[in-house]
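Written below as structure tokens is the structure these notes are about.
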Amino acid sequence: MEDGKKISNFIWDFIDEELAQGIRDNVYTRFPPEPNGYLHIGHAKAIYINFTTAQKYNGKTNLRFDDTNPAKEDTEFVESIQQDIKWLGYNWNKLCFGSDYFHQTYLYAIELIKKGLAYVDDLTAEDIKNYRGTLVTQGIESPYRNRGVEENLELFTQMKEGKFADGEKVLRAKIDMNSPNVVLRDPVIYRILHAYHHNTKDEWCIYPLYDFAHPIQDAIEGVTYSLCSLEFENNRPLYDWVLNNLDDFKKVRPRQIEFARLNLENTVMSKRFLKRLIDEGIADGWDDPRLPTLCGLRRRGVSPDAIRNFCEAIGISKSNSEVEFALFEHMIRDDLKPKANRVMAVLDPVKVVITNYEKDKIEYLPISNNQDNEELGERMVPFGKELYIEREDFMEVPPSKYHRLYPGNEVRLMGAYFIKCENVIKDNDGNIIQINCTYDEKTKNGLGFTERKVKGTIHWVEATTCEKFKANLYEQLLLDDDGTDKDYMERINPQSLKEVTAYCEPCLKDANAGEVFQFVRNGYFAVDSKASEQGMPVFNRTVSLKSSYKVSQ
RNA sequence: AGGGGCAUGGCCAAGUCGGUAAGGCAACGGACUUUGACUCCGUAAUUCGUAGGUUCGAGUCCUGCUGCCCCUGCCA
């Protein structure tokens, strides 16, 4: 995916071919979310595909809210969806609504009726279902199938005028009740719904169904490639049928191409499930940092770049697959690596006293903010006689290959001095409450000391100046699939959120909401945009750091 | 009377007119290292679901078989 290597996928191959053969000369795509929920990482893949496909060919992409069903939509989502797409870094050419075309769509339905290709059916929903047949048996034609054009026109007009109750009649396309593709067995294309629509208010009481409305919307907007997910493959013949039978669209029709939607390990994207998590209080809203929603990921500290890079890395294909979460984490770290300031914070503290360091003295040591990006500058970090280090960075009886602190061993305090453990103090229960060390002044950071080396470098924080802030440590919300087909609710990870107190360098007091830091050796942490207050940030762990350390016996 | 798709190392995924298996992630070695991070080197498919066939030669063409996904909303 770098330099010379061209990215290839079946969609772009297909477009290249059509362009080469002169079948068309432009590329126009659309992203058509239904405004009934928040966007998640799965949508991000669809957004990525639609927008980058257009970009690649100097084409355009429309954002079109698919609002043909008034019962399910909410204006709240119309706002949030736009925000999320912009946040991801994409700009649409036109902002449209499926409802913008209600009148035209209605006229096209009449065209079909006049051509004898659509009829009003009085059958009940249940009968329509029964008459449709099954996957292995033929369908039966409705007794109303052969009504005359005039009668159909009259009835359809009455439907529009509100003469009938919901469900009393529908308009159906007259295709083939014997088609092996059930989608083609005279699909319903208009239903009666006396419902308030967020855009058209009470203007309509009949609404087109997706299969009829979508191809028309695409065609009206000049969309050339209607990219959607695999489950619409069976609907493509109907998509084509609609356009083929409408005079306006006979010539150059948009082409529907289906790709596999994203499945991410230990992640569920279903709206139903996400909503349940929120309703039952397992998640604290659509932007809970453990959720795969774009607003959740944003609050978690994941950047749009990381998401786009991820989408590029997973590729586009037609095979149902499940991507390992590790790939996503890699993209998150890879993105944050040069951007985030690296600071020290201790999440599970144990006190260290440097016995030969002057009492009450505090010295300020310059430490680079990011060794891999010197442009980020440096900061002064207070150092003193009493410090906190990570509990797991000390062991009284170390296993082999343990490079951290243990009695008699010397380690480097990052950015400061070498210290050597002399002894420990325990409480009555045998818990270590203090580690006494001595330091060597000659080993101070920056002095170029090379007389001896240490195997380990650990992070620390000065005890009297450090700040205590809340940190949320996240893990996967769902436990690994054990192959027993458990309900998702049974896979909820009880450890998905662990709240701890982080002992932080004083500089973190000024952290701004949304800012992401690397807590050295602990991971990347983002300042929560909701819970943080001025001078009192709350940190969300975006992702931990990799570690090749394995505890040996 | 079923139809439509998909099968390439642990996970994604490229594979042009058939010419002798890209890349990323993960894993494992090793080097480097003031993050056991990063970086850097190195390692795995005689083999492309399977059985045959065509061919000098097949992941790529043909046939059969198997497995998985989607379709019987007046949802999208």
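Proteins come first, then strands; the chains are lettered A, B, ... in the order of their sequence lines, and each starts at number 1.
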Would you please determine if the base of B:A76 is stacked by A:H214, with stacking meaning a centroid separation under 5.5 angstrom and planes under 30 degrees? no
Watson-Crick or G-U wobble mate for B:C28, both contacts under 3.5 Å: B:G42
Could you measure between the two P atoms, the one in B:C48 and the one in B:G10, and give it in whole Å? 14 Å
Between A:Y239 and A:F232 (judged by ring centroids, cut-off 6.0 Å), do the two rings come close enough to count as a pair? no
Sort out the partner of B:U72 for me: Watson-Crick or G-U wobble, both distances under 3.5 Å, none otherwise. none
Scan every strand shown for a Watson-Crick or G-U wobble partner of B:G18, both distances under 3.5 Å, and answer none if you come up empty. none
Member of A:W460, A:F449, A:Y439 meeting the ring-ring contact (aromatic ring centres under 6.0 Å, His included) criterion with A:Y417: A:Y439
Students often get this wrong, so: under 4.0 angstrom with heavy atoms, is A:L193 touching a base, only sugar-phosphate, or nothing? nothing
Please confirm whether the ring centroid of A:Y131 lies under 6.0 Å from the ring centroid of A:Y144. no
Identified pairing partner of B:U34, criterion: Watson-Crick or G-U wobble below 3.5 Å: none
Touch check for A:R333, heavy atoms < 4.0 angstrom, all strands: base, sugar-phosphate only, or nothing? nothing
What is the nucleic acid contact for A:F328, judged by heavy atoms within less than 4.0 Å: base, sugar-phosphate only, or nothing? nothing
Look through every strand shown and name the nucleotide pairing with B:U60 as Watson-Crick or G-U wobble, where both distances are under 3.5 Å. none
How long is the line joining CD of A:E312 and C1' of B:A14, in whole Å? 14 Å
Paired with B:U66: which nucleotide, if any, by Watson-Crick or G-U wobble criteria at under 3.5 Å for both distances? B:A7
